[in-house]
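Positions are given from 1, in the same order as the sequence printed here. Atoms within each ligand, like the ligands themselves, are counted from 1 in listed order.
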Amino acid sequence: MTRIMASNSKSIAQAAEVLKLGGLVGMPTETVYGLAANACDGKAVAKIFEAKGRPSFNPLIVHVNDVDDVLALAEMNAFEHALAQKFWPGPLTMILKRRNDCPLSELVSAGLPTVAVRIPSHKTARQLIAASGVPIAAPSANKSGSLSPTAPAHVAQSLGDAVDFILADGVCSVGLESTVIDCSGNVPVILRPGGITAEDVSEALGMTIGYDFGDHGNDVKSPGQLLKHYAPNIPVRLNAVDLEEGEALLSFGSIKFMGIKGAGAASDLPDDSLRHLSKEGDLYEAAANLFSMLRALDSPKNKAIAVMNIPETGIGVAINDRLRRAARG
Ligand code: AMP
Ligand code: MG
């Protein structure tokens, strides 16, 4: 049976015990809920792959509390130190070169010479890392390929008894997975858009930083780019300007002028077929709402989820990345 407990000093200590004994913990972070295990314990890490049904070629992100902890695992160059200074703790993951004496399980890196590392800002996550005393591997706490969890109930729904303990601490403030950046080449490149935007990173480094989504064929830098992801059970249709009958609407901005073909106005849709990512057109609000609202509309009662256009700027790039994958699924 999974234990679900509200986050406090006692439950954090219990969750840390579970980690030390090789178990799995649902851990709140500012991005999404993570499925946490001791990253130095190969058997515990293997349980993550099993619980998620995650392909073993797809490496995990390791969470620690400060740069010294990072340096015990991996090497950092000047770009990486600059980004750490600016964005850690926070929703930025860096792909770093593993140290020769790196104590992490090989499975964490899926056999690659690199490791993905992040210092989270979420208070409970930080307390859990400190209490466990080990680096924590934590991908999103959902079945591979489905929507990421932004609330404790989502973790229980998606993983059932495969997770031993869930630390419940409300909804995630960012709501999208971390930005993944690779600084190992001459020019840093973002492999996964997320809470920290290309504009943020460009400003911090004083140079224009772009994206590499691995959609150019052979040279895929991040194994996760190969996978379809974030898919609800019903179809997702993007850039909707009107609705087919039976479709649910995920709106962005005003829906005053949006109609349902042959059946009236979108604003008259029943509650279980309508969610507003952000009525004011605020991209950060939309990001925080994205996964929970896709989940809420993902019901057999709806034929499909029609999503209004989201501007491809700032965190909108990350929202559209998740939506395109959802639509492909
Ligand atoms: P998740 O754990 O589901 O948030 O996904 C982590 C993402 O980071 C996936 O897309 C992984 O493929 C990617 N990733 C993790 N470790 C590495 C690594 N060492 N090199 C390249 N990409 C990585
Ligand atoms: Mg994930």
Side-chain angles (χ1 to χ4, degrees), residues 24 26-37 39 45 47-49 51-64 70 73-76 80 90-99 102 104-118 120 122 125 135-150 154-155 158-159 163 172 174-185 188-196 211-215 219-232 290-291 294-295 318 321-322 324-326 329:
L24 300 184
M27 170 177 80
T29 81
E30 70 276 25
T31 59
V32 301
Y33 273 73
L35 183 62
V45 174
K47 282 189 199 164
I48 292 181
F49 284 92
K52 284 179 61 76
R54 185 175 174 109
S56 58
F57 63 78
N58 195 13
L60 306 177
I61 297 173
V62 174
H63 299 69
V64 295
V70 178
L73 309 175
E75 295 167 15
M76 289 175 70
E80 291 153 354
L92 183 74
T93 295
M94 293 196 235
I95 307 296
L96 306 176
K97 191 173 171 297
R98 280 175 74 116
R99 284 173 62 111
C102 176
L104 298 173
S105 152
E106 291 283 346
L107 203 48
V108 162
S109 296
L112 296 171
T114 50
V115 59
V117 184
R118 180 166 101 80
H122 195 285
I136 292 188
S140 51
N142 56 287
K143 289 276 184 199
S144 201
S146 66
L147 296 168
S148 291
T150 53
H154 302 162
V155 179
S158 192
L159 294 175
V163 52
C172 303
V174 177
L176 288 182
E177 300 82 354
S178 59
T179 304
V180 177
I181 190 163
D182 178 0
C183 300
S184 65
V189 60
I190 295 176
L191 303 181
R192 176 173 77 181
I196 288 171
Y211 295 101
D212 176 352
F213 293 154
D215 44 10
D219 174 31
V220 173
K221 289 209 180 79
S222 184
Q225 293 172 330
L226 294 167
L227 302 166
K228 94 169 196 219
H229 244 133
Y230 317 112
L290 180 67
F291 288 132
L294 279 171
R295 222 174 254 276
D321 169 68
R322 307 310 189 269
R324 277 192 287 269
R325 288 167 189 256

#### Entry: Distance (rounded to the nearest 0.5 Å) between Met94 CE and Cys183 SG
6.5 Å
Below 4.5 Å, heavy atoms only, C-beta onward: do [X] and [Y] meet side chain to side chain?
X: Ser184; Y: Ile95; answer: no
X: Leu60; Y: Phe49; answer: yes
X: Arg322; Y: Pro193; answer: yes

### Query
Hey, is ligand 1 close enough to Glu177 that some N/O pair sits below 3.5 Å?
no
### Message
With respect to Asn58, determine whether any N or O atom, backbone or side chain, lies less than 3.5 Å from an N or O atom of ligand 1.
### Response
yes
### Query
Are the side chain of Thr29 and the backbone N or O of Thr31 linked by a donor-acceptor pair below 3.5 Å?
yes
### Arg192 side chain vs Thr93 backbone, donor-acceptor pair below 3.5 Å
no
### Ile95 contact mode with ligand 1 (heavy-atom cut-off under 4.0 Å)
side chain
### Summary
With heavy atoms and a 4.0 Å threshold, my read on which part of Lys97 contacts ligand 1 is neither
Which of the ligand 1 atoms, numbered from 1, are nearer than 4.0 Å to a heavy atom of [X]:
X: Leu112; answer: 18 (C), 19 (N), 20 (N)
X: Ile61; answer: 4 (O), 6 (C)
X: Thr114; answer: 18 (C), 19 (N), 20 (N)
X: Arg192; answer: 1 (P), 4 (O), 5 (O), 6 (C), 7 (C)

### Summary
Candidates Gly34, Ser140, Pro59, Pro139; heavy atom nearest atom 16 (N) of ligand 1 found on Pro59
### Heavy-atom nearest option to atom 3 (O) of ligand 1, drawn from Met94, Arg118, Lys52, Arg54
Arg54
### Task
Answer yes when Arg118 and Glu177 have at least one side-chain N-carboxylate O distance shorter than 4.0 Å, and no when they do not.
no
### Summary
Result for side chain to side chain contact (heavy atoms under 4.5 Å, CB included) between Val62 and one of Leu96, Leu73, Val45 points to Leu73
### Message
Distance check below 2.8 Å: does Ser140 bring an N, O or S atom to the Mg ion (ligand 2)?
### Response
yes
